[in-house]
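Atom set for the values below is all heavy atoms of this structure, side chains included, hydrogens, waters and symmetry mates excluded.
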Amino acid sequence: MVVLRAGRGGLMTAQAGSTIAASKAGDACAPQAPTGRAWPWLGYVLAWLGIGLWLGINVVIGQRNSGSRVPAWEPMTWELSSALVMAVLAIAVFRFERRHPLSGSDWLRRIPVHVPAAIVFSLLHTFGMVGIRKLVYALMGERYDFGDPLLGIAYELQKDLITYALIVGFCVAWRALRARRERELTLVQLERDLGQARLAQLTAQIEPHFIFNTLNAISNRMHEDVEAADRMIAALAVLMRVALSETGEARVRVVDDVVWLERYFELMRERFRGKLETAVRVDPAARNARIPRLLLQPLVENAFEHGLASGRGRVDVSIDVDGERLRCVVADDGRGLAPGYTPGVGLANVRHRLELLYPGQHRFSIAPGNVAGTCIEIELPLLLE
């Protein structure tokens with residue numbers, strides 16, 4: 001409520017000015033450290049002007065309802081002058097509180113610094129708005145009367161002390177909110193970095209595992225057919241050349257991962273010459289979809305280790321697009337899953353990488369095939385280049 005008296009005295013203007021301070025103390029912390037752009041400061045000034053105009057209009061309406069004949073420009077001057085001074089002082093309080101923060105374990109020791117600062121704040125607010133009003137009144141050919149100076153200053157002081165406390169309190173809350181937000185962002189960044197490090201570790205793990213198994217296969221073949229072993233070494237060299245040419249990204253195109261898979265099939269067909277049949281079918285819509293690097297080869301390797309250990313049989317790989325999902329299926333006609341089967345390093349690695357890349361968005365299943373053997377199926381979100 002705005003209290004009016006017959007004259008143009010200080011109590012009326014003091015109450016109006018304090019109403020602004022109390023109602024908009026929260027805006028004190030709106031300006032942050034300079035960002036190099038003008039629009040935040042422009043918005044800040046316009047916000048205070050809007051508050052001053054809003055309160056001034058309310059005073060004008062109140063006077064009209066009470067039958068007062070005071071020209072509208074006078075209450076508008078009272079409210080706008082208080083708002084403009086408060087806008088400047090709020091920035092000063094924000095910066096002062098930042099240098100002497102009322103937070104932390106020793107915040108009570110800083111209170112004595114803020115007591116005189118609050119008094120200075122009130123004096124500057126009072127003298128500033130009175131000075132602006134006297135200037136405007138002089139330009140309008142009128143004289144502004146603040147009333148009894150001591151009474152007016154005392155009246156403003158009690159209001160401004162509360163206003164100062166509200167501004168400082170809001171600054172403390174704002175800083176705590178920002179600190180909490182920064183901690184959350186730091187935690188998210190840390191979790192993401194740890195996830196990427198874990199993914200890189202898993203991806204690096206699968207390559208030595210593959211090389212070890214391949215060299216072991218070549219060693220076994222060496223005792224049976226030296227020329228076949230030599231061809232396997234040549235195929236492995238081509239495979240390693242492809243691996244070295246990759247960028248090391250976590251995800252690659254389906255068509256690129258299939259190239260690696262075909263090279264691996266060449267090795268296995270050479271090892272089990274005349275015994276093994278393979279087929280790879282890729283949906284044209286899936287060729288440029290992104291999947292985890294080295295996703296398919298561990299699935300096929302699992303089929304050789306647990307279903308086609310003798311090398312006799314068939315392995316079919318299919319990659320299809322189903323709406324917004326990508327489905328990868330590896331099926332063999334081998335002996336199937338043994339009782340108490342436990343996924344090895346390759347499949348465990350694939351599971352972990354999928355959990356990191358698609359948490360809650362993928363499906364991994366391993367089950368007996370329709371007729372014989374084993375079927376591994378993976379569904380992922382469809383990600384295109």
Side-chain angles (χ1 to χ4, degrees), residues 199 202-203 206-207 209-210 239 242-243 245-269 272 276-308 311-337 341 343-385:
L199 180 62
L202 290 169
T203 304
I206 199 67
E207 292 176 352
H209 178 261
F210 159 74
L239 203 58
V242 172
S245 65
E246 292 181 348
T247 61
E249 294 181 357
R251 294 184 179 90
V252 297
R253 296 184 306 165
V254 167
V255 66
D256 295 330
D257 209 48
V258 167
V259 169
W260 177 284
L261 181 62
E262 290 285 10
R263 297 292 185 273
Y264 178 72
F265 272 145
E266 289 180 11
L267 282 170
M268 293 300 101
R269 284 194 296 267
F272 304 111
L276 179 65
E277 295 182 17
T278 63
V280 179
R281 183 181 59 81
V282 180
D283 185 342
R287 291 178 58 85
N288 291 322
R290 308 289 288 191
I291 60 174
R293 187 163 66 96
L294 292 179
L295 173 69
L296 302 173
Q297 184 271 329
L299 307 183
V300 173
E301 186 176 19
N302 181 80
F304 287 115
E305 289 184 0
H306 301 281
L308 302 174
R312 186 177 299 278
R314 180 180 178 86
V315 180
D316 290 282
V317 179
S318 62
I319 305 172
D320 298 284
V321 173
D322 184 8
E324 297 297 322
R325 306 285 289 177
L326 182 72
R327 185 172 62 252
C328 305
V329 179
V330 175
D332 66 78
D333 61 356
R335 63 174 182 243
L337 298 175
Y341 165 79
V345 174
L347 287 191
N349 182 290
V350 170
R351 284 180 183 269
H352 292 156
R353 286 194 290 152
L354 291 176
E355 290 171 0
L356 288 171
L357 288 171
Y358 312 99
Q361 298 178 304
H362 72 283
R363 185 174 67 87
F364 182 101
S365 67
I366 178 169
N370 294 331
V371 178
T374 305
C375 179
I376 300 178
E377 185 173 348
I378 295 176
E379 281 192 10
L380 307 172
L382 179 61
L383 302 177
L384 298 175
E385 286 187 315

**Q** Roughly how far apart are E324 CD and L383 CG, rounded to 0.5 Å?
**A** 10.0 Å
**Q** Please name all residues satisfying salt bridge (charged side-chain N to carboxylate O under 4.0 Å, His left out) with D316, sequence neighbours left out, ordered by chain then number.
**A** R314
**Q** Do N302 and V330 have side chains that approach each other closer than 4.5 Å (heavy atoms only, starting at C-beta)?
**A** no
**Q** Tell me the closest heavy-atom pair linking D332 and A303, and the distance in Å.
**A** OD2-CB, 3.6 Å
**Q** Going from CG on L357 to NE2 on H352, what distance comes out if it is rounded to the nearest 0.5 angstrom?
**A** 13.0 Å
**Q** Quick one, V321 and L382 - any side-chain contact, counting heavy atoms below 4.5 Å?
**A** yes
**Q** R269: which residues meet the salt bridge (charged side-chain N to carboxylate O under 4.0 Å, His left out) condition with it, sequence neighbours left out?
**A** none
**Q** C375 vs N370, test: side-chain contact (heavy atoms from CB on, under 4.5 Å). Steps then yes/no.
**A** CA-CA 8 Å; C375 179; N370 294 331; over 6 Å; no
**Q** Does any non-hydrogen side-chain atom of L347 lie less than 4.5 Å from one of N349?
**A** no
**Q** Report yes if the side chains of I376 and F364 come closer than 4.5 Å at any heavy-atom pair, otherwise no.
**A** yes
**Q** If you apply the rule side-chain contact (heavy atoms from CB on, under 4.5 Å), what do you find for D283 with V254, and how did you get there?
**A** CA-CA 10 Å; D283 185 342; V254 167; over 6 Å; no
**Q** Starting at CG of L294, measure out to CD of E301 and round the result to the nearest 0.5 Å.
**A** 10.5 Å
**Q** Taking side chain as C-beta onward, heavy atoms only, is L276 less than 4.5 Å from F304?
**A** yes
**Q** Go through the steps for V258 and I319 under the test side-chain contact (heavy atoms from CB on, under 4.5 Å), then give the verdict.
**A** CA-CA 10 Å; V258 167; I319 305 172; 4.0 Å; yes
**Q** R353 and P292: which non-hydrogen atoms are nearest, and at how many Å?
**A** NH1-CB, 4.1 Å
**Q** Checking E377 now: which residues fulfil salt bridge (charged side-chain N to carboxylate O under 4.0 Å, His left out) with it, not counting sequence neighbours?
**A** R327, R363
**Q** Starting at OG1 of T278, measure out to CD of E266 and round the result to the nearest 0.5 Å.
**A** 9.5 Å
**Q** Can you tell me how far CG of L296 sits from CZ of F265, rounded to the nearest 0.5 angstrom?
**A** 9.0 Å
**Q** Would a 4.5 Å heavy-atom cut-off, applied to side chains only, mark I291 and L326 as touching?
**A** yes
**Q** Quick one: do D320 and R281 satisfy side-chain contact (heavy atoms from CB on, under 4.5 Å)? Show the steps, please.
**A** CA-CA 8 Å; D320 298 284; R281 183 181 59 81; 2.8 Å; yes
**Q** Just wondering, do L354 and L380 contact through their side chains at under 4.5 Å, heavy atoms?
**A** yes
**Q** Measuring from C328:SG to L295:CG, what's the distance to the nearest 0.5 Å?
**A** 5.5 Å
**Q** Could you tell me if the side chain of V300 sits less than 4.5 Å from the side chain of L261, heavy atoms only?
**A** yes
**Q** Charged N to carboxylate O under 4.0 angstrom, R253 versus D256?
**A** yes
